[in-house]
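Scope of the values below: all heavy atoms of this structure, side chains included, with no hydrogens, waters or symmetry mates.
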Amino acid sequence: CNLQPKDAAKMPESAWKLLFYTLSWSYGIYLLFFTDYPFFYDPPSVFYDWKKGMDVPTDIAIAYLLQCSFYGHSIYATAYMDTWRKDSVVMLLHHVVTLTLIAFSYAFSRAWRARGLPGAGARAGGGCAGSGASPGIPVGPFNPPCSLCPGRFWFRLYWFPLKVLYATCYSSLQSVPNIPFYFFFNALLLVLTLMNIYWFLYIVLFVAKVLMGQMKEVNDVREYDVEVSKK
């Protein structure tokens, strides 16, 4: 493929993330549109008829397992294996927040079935650094795994707040006034939203440099001028 040495070094990281994001996003699409779950069209429905002791459905439990495994690995990979970038510290924080959100939502799901939605929200809204020159490839049913997709703003900064945050911050209290762990989970989701904005600014910066002729080739704007390939 005649890749430059620095691009060849990033190829395993990019290929792995592309593979996982594609599979994860596809499975999220299956859960949202090819099952009986009404979460996409009626997000507050996850709080309807809530009662303690509800089990996590097997297909959603599989999604929890896949996501927890990936983000657990990603914490180690970002710190010790991946190319170190300007946003790597934020990336580590993202992985920790996302893993905490998903793991605790599963742990509390037997007491609160609706935690399946915040778990999906973490996969959907949590932007994480992507492959090659892309400023970030998010994962989840609300965001397709494609580099610099015009729909990224729509999925991460419109649908995610409209469908996930609205349901968890507002609708949850309407259905269950004394809903447990309200502030804990919503604080994590809001932190992920701030990270979505942060990574979107990298995309804006990238597009601005291209339009102003400041970039002669496609480069990752998150990388340092003198690249340090390993920490």
Side-chain angles (χ1 to χ4, degrees), residues 17 19-75 94-128 137-145 155-156 159-193 196:
K17 289 181 178 179
L19 174 63
F20 175 82
Y21 294 160
T22 301
L23 294 176
S24 176
W25 184 72
S26 299
Y27 189 61
I29 289 294
Y30 163 75
L31 290 177
L32 287 176
F33 299 106
F34 296 95
T35 64
D36 294 330
Y37 300 122
F39 299 156
F40 182 81
Y41 298 105
D42 185 20
S45 64
V46 297
F47 299 102
Y48 299 163
D49 300 323
W50 171 83
K51 64 180 180 179
K52 292 184 179 180
M54 289 183 171
D55 291 330
V56 180
T58 301
D59 48 5
I60 291 182
I62 291 173
Y64 273 115
L65 176 63
L66 292 175
Q67 294 291 332
C68 282
S69 300
F70 174 76
Y71 284 108
H73 162 76
S74 294
I75 293 174
H94 166 270
H95 295 336
V96 171
V97 169
T98 303
L99 182 61
T100 301
L101 177 62
I102 297 174
F104 275 83
S105 71
Y106 182 82
F108 296 136
S109 283
R110 290 184 179 273
W112 187 8
R113 181 187 61 174
R115 278 308 165 208
L117 179 59
R123 298 191 302 274
C128 62
I137 295 183
V139 55
F142 289 106
N143 203 4
F155 289 106
R156 297 174 75 180
W159 264 354
F160 178 65
L162 179 66
K163 293 184 175 293
V164 177
L165 294 183
Y166 175 79
T168 59
C169 293
Y170 176 75
S171 300
S172 60
L173 293 178
Q174 302 301 308
S175 299
V176 189
N178 296 319
I179 198 164
F181 312 111
Y182 173 84
F183 292 103
F184 174 73
F185 284 102
N186 280 299
L188 294 179
L189 289 170
L190 290 173
V191 169
L192 290 179
T193 302
N196 286 339

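Summarising the geometry of Val56 relative to Ala61, their closest heavy-atom pair is CG1-N, 3.8 Å, with the distance given to 0.1 Å. Smallest separation of non-hydrogen atoms from Ile179 and Ser172: CD1-CB, 3.7 Å. Listed here is the closest heavy atom pair of Lys163 and Phe40: NZ-O, 2.9 Å. For the residue pair Ser26 and Thr22, the shortest heavy atom distance occurs at OG-O, 2.7 Å.
Residues Phe39 and Ile60 are in side-chain contact: their nearest non-hydrogen atoms beyond the backbone lie under 4.5 Å apart. Using a 4.5 Å heavy-atom threshold, the side chains of Phe181 and Phe104 count as separate. With a 4.5 Å cut-off on side-chain heavy atoms, Leu101 and Val191 do not count as touching. Considering only heavy atoms from C-beta on, Leu189 comes within 4.5 Å of Phe160 through its side chain. Contact annotation: the side chain of Phe185 approaches that of Ser105 to within less than 4.5 Å [non-hydrogen atoms, C-beta and beyond]. In this structure, the side chains of Tyr37 and Leu32 stay at 4.5 Å or more apart for every pair of heavy atoms.
Considering only residues two or more places apart in sequence or on other chains, Ile62 meets the side chain to side chain contact (heavy atoms under 4.5 Å, CB included) condition with Tyr27, Thr58, Leu66.
Expressed to the nearest 0.5 Å, how far OH of Tyr64 lies from OG of Ser69 amounts to 14.0 Å. Between atom CG of residue Leu19 and atom OG of residue Ser24 there is a gap of 11.0 Å, rounded to the nearest 0.5 Å. Atom OG1 of residue Thr98 and atom CG of residue Leu188 lie 9.0 Å apart, to the nearest 0.5 angstrom. In this structure, the separation between CD1 on Ile102 and SG on Cys68 is 5.5 Å, given to the nearest 0.5 Å. Taking CG of Leu173 as the reference point, atom CZ of Phe47 lies at 8.5 Å (rounded to 0.5 Å). Note: Tyr48 OH to Ser175 OG = 6.0 Å, rounded to the nearest 0.5 Å.
A donor-acceptor pair is defined here as one N or O able to donate and one able to accept, closer than 3.5 Å; such a pair exists between the side chain of Thr35 and the backbone of Leu31.
Note: Phe20 and Phe70 have parallel aromatic rings, judged against thresholds of 30 and 60 degrees for the angle between ring planes.
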